[in-house]
**Student:** 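Sharing a structure below in structure tokens format, with a few things to ask.
Note: hydrogens, waters and symmetry copies are ignored here, and every other heavy atom, side chains too, is used.
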Amino acid sequence: ANITTLGNSAILFTIIILSPFFFGFFYSLPQTDTSSWFNTDPQNEDGEYKWGLFLATVIWLHTGWDSTGCLSAEIGFKKNKFFNAFLWAILLDYIGYMIPVLGALTQSQF
């Protein structure tokens with residue numbers, strides 16, 4: 001198989017994997033309290049932000065991205081094409097995490 005087939009199958013598998021999360025989000029929208037999406041007050045018992053947990057989560061979510069640059073250099077991928085693909089990957093990663101989290105954490109009924 002050539003690289004085009006591999007790329008197209010990666011796109012297809014991405015759509016298949018992310019589709020349940022999008023369906024779940026849109027299914028939960030009628031019961032979702034969207035006013036809490038922009039509420040930045042701490043939601044724990046102490047009323048304080050847990051910066052250690054926040055930083056650990058941010059670092060965990062962004063590990064592995066350096067390997068894509070190494071792979072790109074190894075195979076001689078053009079820089080402008082790599083940059084566009086990298087931006088799309090980051091956008092899909094962000095949407096793939098944020099949409100289910102927003103839908104799950106802001107339900108008015110459990």
Side-chain angles (χ1 to χ4, degrees):
N2 60 16
I3 195 73
T4 304
T5 306
L6 183 65
N8 289 337
S9 63
I11 291 170
L12 177 67
F13 285 129
T14 301
I15 291 169
I16 290 170
I17 289 169
L18 289 178
S19 61
F21 296 104
F22 290 122
F23 289 136
F25 173 74
F26 290 115
Y27 180 75
S28 69
L29 270 180
Q31 294 88 20
T32 301
D33 179 19
T34 57
S35 64
S36 64
W37 287 2
F38 301 105
N39 183 3
T40 58
D41 295 333
Q43 302 294 317
N44 57 11
E45 301 85 29
D46 302 334
E48 297 177 358
Y49 293 108
K50 295 185 178 183
W51 292 108
L53 179 62
F54 171 73
L55 291 175
T57 305
V58 168
I59 290 170
W60 175 73
L61 289 176
H62 291 94
T63 56
W65 289 108
D66 57 338
S67 62
T68 57
C70 296
L71 176 65
S72 173
E74 287 288 327
I75 63 173
F77 207 61
K78 292 182 181 179
K79 288 183 181 180
N80 62 345
K81 288 187 177 183
F82 171 72
F83 184 71
N84 289 338
F86 195 68
L87 284 178
W88 277 106
I90 289 174
L91 181 67
L92 280 174
D93 187 55
Y94 178 76
I95 290 171
Y97 276 110
M98 288 308 298
I99 294 239
V101 167
L102 284 175
L105 293 180
T106 58
Q107 286 290 309
S108 59
Q109 300 173 355
F110 281 100

**Student:** Using the test side-chain contact (heavy atoms from CB on, under 4.5 Å), find all partners of L92 that sit at least two apart in sequence or belong to another chain.
**Tutor:**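 Counting only residues at least two positions away or on another chain, L92 forms a side-chain contact (heavy atoms from CB on, under 4.5 Å) with T14, L18.
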**Student:** With sequence neighbours left out, write down each residue that passes side-chain contact (heavy atoms from CB on, under 4.5 Å) with T4, or none if nothing qualifies.
**Tutor:**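 Scan of T4 (side-chain contact (heavy atoms from CB on, under 4.5 Å), adjacent residues dropped) gives N2, N8.
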**Student:** Same hydrophobic cluster for I15 and F26, using side-chain heavy-atom links shorter than 4.5 Å among ILVMFWY?
**Tutor:**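 No.
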**Student:** Crowded around F21 CZ? As in, over 12 foreign heavy atoms under 6.0 Å?
**Tutor:**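 No, because the 6.0 Å sphere around CZ of F21 holds 12 heavy atoms or fewer from other groups.
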**Student:** In the single-linkage hydrophobic clustering (I, L, V, M, F, W, Y; side-chain heavy atoms under 4.5 Å), do I90 and I11 co-cluster?
**Tutor:**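 No, it is not one cluster - the side chains of I90 and I11 are not joined through contacts under 4.5 Å.
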**Student:** List for me each residue that meets side-chain contact (heavy atoms from CB on, under 4.5 Å) alongside I95, sequence neighbours excluded, and say none if there are none.
**Tutor:**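 Testing I95 for side-chain contact (heavy atoms from CB on, under 4.5 Å), a comparison that skips the adjacent residues, returns F22, L91, I99.
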